[in-house]
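Everything on this sheet refers to the single structure shown next.
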2 protein chains.
Amino acid sequence: MNYSRQREQVLEYVKSVKTHPTAETVYNKVREKNSNISLGTVYRNLDKLSKEGKLLRIKMANGKDRFDGYTSKHYHAICTRCDRVFDVSLDYFNNVDKVVAKKLNCNVLSHDIIFNIICPDCERGF
Amino acid sequence: MNYSRQREQVLEYVKSVKTHPTAETVYNKVREKNSNISLGTVYRNLDKLSKEGKLLRIKMANGKDRFDGYTSKHYHAICTRCDRVFDVSLDYFNNVDKVVAKKLNCNVLSHDIIFNIICPDCERGF
DNA sequence: ATTGAAAATAGTAATAATTACTATTTTGAA
DNA sequence: TTCAAAATAGTAATTATTACTATTTTCAAT
């Protein structure tokens, strides 16, 4: 994989925020620094970076994928009103995969938990 | 809400299987009995039925929504190779919502867990 | 039974996120 | 310096789902 400034900018932006941006947000933000970058390039690089393990791709049930610069295993919460995504600092349930593996008699690779919440901002009016 | 034969057929099919069909599968299967039904009608009725609580809509991260005739709270496993979806008979973690509510200081409505697995069929060749 | 407005339908068009394609430019090892 | 592999910008295609529209069906009140 060759160097590219665009990829560096994409990674830098996602690593710099805790907001779990969508591809489009990454595109808009990186464009503020590099007005030439194209949306396709952002998508391609987000994909490459997450396959490399440098980013986490969170495939959200409600549509848009989100990206996370914090790559250790952890859970997420999504506000059902504003769609903001938050990290959940809960100990990872390592053993539950084994329990399910026995029950289903199959190989369990991992699990994801999404908490559906109403975030503090939305709770108090918006 | 008025009666409709199409809605009855959609509900009947989803209730009759354990496969967590997609809207398109429901469409194809119901069409075997009623060759007139349209895809839009299937989507509309799946939506109505799940909003009524007669079906469960499982918003899958990988794209297509799945529908489940078994409406109690439970978890799901998806095969990362063939995309088949299975029910997971694990006790529902009722207390974890409260823990997260305290951590995030917000209202937690529910949570979903998806186990990423390799199903027995795929494990043994396909 | 008849009527008529609300609800539902079939069929098609529109939307939205993402991926694929293509001609051009950039990268980096030889 | 060269040149093939990799990456890019910009656009087109894809895919699941929702929206729209003219027609048909349902059902409560006559």
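Protein chains get the first letters and strands the later ones, always in sequence-line order, with residue 1 at the start of each.
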Polar side chain donor-acceptor pair, B:Asp87 to B:His20, under 3.5 angstrom: yes
Whole angstrom value for the distance that separates C1' of C:dT15 from CD of A:Glu24: 13 Å
Nucleotide-resolved protein contact map, nucleotides 1-10 of chain D, B/S/- at heavy-atom distance under 4.0 Å: -----SSBBB
Selection residues 94-104 of chain B - residue pairs positive for side chain to side chain donor-acceptor pair (under 3.5 Å), sequence neighbours left out: B:Asp97-B:His111
Distance in angstrom units between A:Ile58 CD1 and C:dT18 C1', rounded: 17 Å
B:Lys59 NZ: over 12 foreign heavy atoms closer than 6.0 Å: yes
Interatomic distance, B:Met60 CE vs D:dT17 P [rounded to whole Å]: 12 Å
Any B:Tyr43 side-chain N or O less than 4.0 Å from OP1/OP2 of D:dT17: yes
Interatomic distance, B:Lys59 NZ vs D:dA16 C1' [rounded to whole Å]: 10 Å
Atom-pair distance (CG on B:Leu46; P on D:dT17), nearest Å: 10 Å
Gap between atoms CZ and P, on B:Arg57 and D:dA16 respectively (whole Å): 14 Å
Over 12 foreign heavy atoms within 6.0 Å of NZ, B:Lys15: yes
Rounded distance in Å - NZ (A:Lys51) to C1' (C:dT18): 12 Å
Partner set under side chain to side chain contact (heavy atoms under 4.5 Å, CB included) for A:Asp47, not counting sequence neighbours: A:Lys51, A:Arg57
A:Lys33 atom NZ, over 12 foreign heavy atoms within 6.0 Å: no
Euclidean distance, atom CD of residue B:Glu52 to atom C1' of C:dA7 [Å, nearest integer]: 14 Å
